[in-house]
Peer 1: 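Take a look at the following structure, please.
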Protein chains: 2
Amino acid sequence: MKPITLKDIAKALDLSPSTVSRAMKDNPAISLQTRERVQAYAAKHKYKPNTLAMQLRTNRVNTIGVIVPEIVHYFFSTVLAGIQDEAEKKNYNLLFCLSNEDYEREVKSVETLLDARVCGILASQSKSTRTFDHFQEIIDNKVHLVFFDRICTGINTDKVVVDDYAGAFNAVEYLISTGCKRIAFLGATPWLPIANNRRMGYEDALRKHRLPVEKELSQVCDTVDLAKVVIPQMLALDPPPDAFFCINDEVAAYCIQIAKSNGFNVPEDVSVCGFTNSYLTEVTYPKLTSVDQHGYRMGEVAARLLINRIEGRETKPGIVSRLIKTKLVVRESTK
Amino acid sequence: MKPITLKDIAKALDLSPSTVSRAMKDNPAISLQTRERVQAYAAKHKYKPNTLAMQLRTNRVNTIGVIVPEIVHYFFSTVLAGIQDEAEKKNYNLLFCLSNEDYEREVKSVETLLDARVCGILASQSKSTRTFDHFQEIIDNKVHLVFFDRICTGINTDKVVVDDYAGAFNAVEYLISTGCKRIAFLGATPWLPIANNRRMGYEDALRKHRLPVEKELSQVCDTVDLAKVVIPQMLALDPPPDAFFCINDEVAAYCIQIAKSNGFNVPEDVSVCGFTNSYLTEVTYPKLTSVDQHGYRMGEVAARLLINRIEGRETKPGIVSRLIKTKLVVRESTK
DNA sequence: TCCTTTAAGGTAATCGGTTTCATACGCGTC
DNA sequence: GACGCGTATGAAACCGATTACCTTAAAGGA
């Protein structure tokens, strides 16, 4: 029982396929009588035009591909929600790929998406990616590419990023304003621009207020496993830090736990500030101060930019770079 | 600059399209010499077969659609990760739709996916869905459908569910075993089977241990906003509950906060147990006891079931129902 | 020498629509 | 009655690949 085609309708009503095609689109060249006859028959038999056939003819698919490194992740899931909402509004479908922070899989995802002939790709780089040929291939194939958040500095294309520098700068400056003087930075691998920018924001804020930038207070610590090792080490320093500025909320939440179990009061002895402003912030004790990255908005902006490119509505020449502003949300984990 | 097609190659090498097609597939009817010539030319010009054309011909797409009610949501994002991993392994692409708990959008998503002619759909119902014609239409269109988690009882099709009843029963029995006698249930709208099953597990556990099932201790409270209203009311009862069994971790986490700010010690005065075992469990204070739903596994199982159906490998006749076992993870929020 | 076989490749139909370019007919007009 | 014009429809090409069915030429056998 194959689905009914336009030709089936033509045969059944003793018309030509072209007439049926036109009748379905209410072409005035077809008599009203015929149009109604065709449409009635089509409705009755649940005719559905074959998208594939149309796409083949126009050589255009209304699908955009998304590559994210992780999805069980507050920030990326909010971005995806923003992308999906915007895409749906503009009548684009979403082909979803997960790189799992794995370079090989990221490469495979790109191939999958190019194979599927998507008209554009939104991507956030995996942590393990060091070479960019696969991204270049997207551009070589004349497929539009917009990076979001974890952009790829080796590729010249549109991007949407969080204002990590300002986010970090403002957060650290706020910590300083509350009296903190030995602020630790729990960062991420330095080849991720987002981590680097935050570290620079952190350091510049210290420098602005004439506080020393100390190597031992700035470490890579972006996972829970690392946190269990790094944070106790830092707390054992003499003197210990009086604040932690963390690369994400999970590390920050753990930081609160670890600090408390090591006899430090939060925020009296140490302040803790996260980054993302996920739902974790409301359930830590004390509630977590964090920098909101506006992930949903980033998704919307990235999708809109990509779609504008696809539809030729983004007139600005050269590459476009959008900055999503951050906002420090002060709760109880800082003085 | 359109991408190179098979016909272009044929013209360039003065061959017919059929010869090129066969040469590309290493058909022995074509001389080795020609095969190599064609393949070399194709590689040099980055020829990519047009998937659309092949799909049109075979009338088969290797894409499955997913509809989730929410994505900024620990459980659903883990399920999606499981689905994606399994789909990728079996060489299927994922078309991603978000219903946002909205009936209209769910209907639209179904239409989108049927339009895209996916070969199967994985769906979890939105909370606001009351009628099921759109799901029936999937089946009427001979597209395979597997429900996961929030199944639709009005539709006769394969499903994968968490063993909510046993999960709730065991959790409540555990609470009783620690000495709790007035256990409250913070549930969800009763037309969701998952909520109903948990309530039944809750009530049966009480009955088994000859504890009264009280109306006032069982309420709909599945969002943070509701929690702010409902939990203080319950704590004001005389006597107050000595335990809360919550429909999800967010409500449970809030419950801890609210209990503490109302002067109750957790777990000494009230125990709190969540459902999902999300990353929230590690950052509440005290850490949250919760029922693990194994979302990732559910995603894998659902995707595998769907793909087996699509490929005709699921031989079992009638509808298949898979149960994902839960596991109570005891932490510090219970005695 | 003639016929058969086989290697190597070409022709054309097909998938399901869209679109350009005819065609057929009726009617009014000079 | 020849011409023009508008209306309603059909025929065929096309999108890009696959494939059933031919064609051609050379080799091999009797």
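The analysis underlying the following values was restricted to heavy atoms, covering all of them including side chains, and did not include hydrogens, waters or symmetry mates. Every chain is numbered from 1, with letters handed out A, B, ... down the list of sequences.
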Peer 1: Rounded to the Å, how far apart are A:Leu52 CG and C:dT14 C1'?
Peer 2: 15 Å

Peer 1: Please report the distance, rounded to the nearest Å, between CG in B:Asn27 and P in C:dG9.
Peer 2: 11 Å

Peer 1: Under 4.0 Å between a side-chain nitrogen and a carboxylate oxygen: does that hold for A:Glu314 and A:Arg304?
Peer 2: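 A salt bridge is absent here (no side-chain N lies under 4.0 Å from a carboxylate O).
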
Peer 1: Could you check how far CD1 of A:Ile30 sits from P of C:dT19, rounded to whole Å?
Peer 2: 13 Å

Peer 1: Nearest whole angstrom, please: distance from the P of D:dC14 to the CG of B:Asn50.
Peer 2: 17 Å

Peer 1: Does B:Leu15 or B:Leu56 map to a spot on DNA chain C nearer the 5' end, using the closest nucleotide for each?
Peer 2: B:Leu15

Peer 1: Does D:dA8 have OP1 or OP2 under 4.0 Å away from a side-chain N or O of A:Thr19?
Peer 2: no

Peer 1: Would you classify A:Asp8 as touching base, sugar-phosphate or nothing, given that sugar-phosphate means primed atoms plus P, OP1 and OP2, and contacts are heavy atoms under 4.0 Å?
Peer 2: nothing

Peer 1: Hey, is the side chain of A:Thr34 poking within less than 4.0 Å of OP1 or OP2 on D:dA8, counting only N and O atoms?
Peer 2: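 It does not, given that no N or O in the side chain of A:Thr34 lies less than 4.0 Å from OP1 or OP2 of D:dA8.
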
Peer 1: Rounded to the nearest Å, what distance is computed from the CG atom of residue A:Leu6 to the P atom of nucleotide D:dG10?
Peer 2: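 Those two atoms, CG and P, are 12 Å apart.
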
Peer 1: With a 6.0 Å cut-off on ring centres, are B:Phe147 and B:Phe135 close enough?
Peer 2: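 Yes, the ring of B:Phe147 comes within the 6.0 Å limit of the ring of B:Phe135, centre to centre.
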
Peer 1: Can you measure B:Asp26 atom CG to D:dT19 atom P for me and round it to whole angstrom units?
Peer 2: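 From B:Asp26 CG to D:dT19 P: 15 Å.
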
Peer 1: Measuring to OP1 and OP2 of C:dG17, would you say a side-chain N or O of A:Tyr47 lies under 4.0 angstrom away?
Peer 2: yes

Peer 1: Please work out which of the three classes, parallel, tilted or perpendicular, describes the rings of A:Phe75 and A:His73, given edges at 30° and 60°.
Peer 2: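 A:His73 and A:Phe75: perpendicular rings.
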
Peer 1: So which nucleotide from C:dG10, C:dG17, D:dT9 ends up closest to the side chain of B:Ser16?
Peer 2: C:dG10

Peer 1: Let's see if you can work this out: which of D:dT18, C:dG17, D:dG16 has an atom nearest to the side-chain heavy atoms of B:Thr5?
Peer 2: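 Side chain of B:Thr5 sits closest to D:dG16.
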
Peer 1: Give the nucleotide from the list C:dG10, D:dA17, D:dC14 with an atom nearest to the side chain of A:Arg57.
Peer 2: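 Given the options C:dG10, D:dA17, D:dC14, the side chain of A:Arg57 is closest to D:dC14.
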
Peer 1: To the nearest angstrom, how far is A:Met54 atom CE from D:dC14 atom P?
Peer 2: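 So the CE-P distance, A:Met54 to D:dC14, works out to 20 Å.
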
Peer 1: Can you see whether B:Asp26 engages B:Gln39 through a side-chain donor-acceptor pair at a distance of less than 3.5 angstrom?
Peer 2: yes

Peer 1: Under 3.5 Å, is there a donor-acceptor pair between the B:Asp8 and B:Tyr47 side chains?
Peer 2: no

Peer 1: Any ion pair linking A:Asp85 and B:Arg105 (charged N to carboxylate O, less than 4.0 Å)?
Peer 2: yes

Peer 1: Distances for protein N/O vs nucleotides 20-23 of chain D N/O pairs under 3.5 angstrom?
Peer 2:
unit_1: D:dA20; atom_1: N6; unit_2: B:Arg22; atom_2: NH1; d: 3.4

Peer 1: Rounded off to whole Å, could you give me the CG-to-C1' distance for the B:Asn59 and D:dT18 pair?
Peer 2: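 Interatomic distance, CG of B:Asn59 to C1' of D:dT18: 14 Å.
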
Peer 1: Using a distance-only test with no angle check, is there a side-chain donor-acceptor pair under 3.5 angstrom linking A:Gln55 and A:Asn59?
Peer 2: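 No, A:Asn59 and A:Gln55 have no side-chain donor paired with an acceptor closer than 3.5 Å.
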
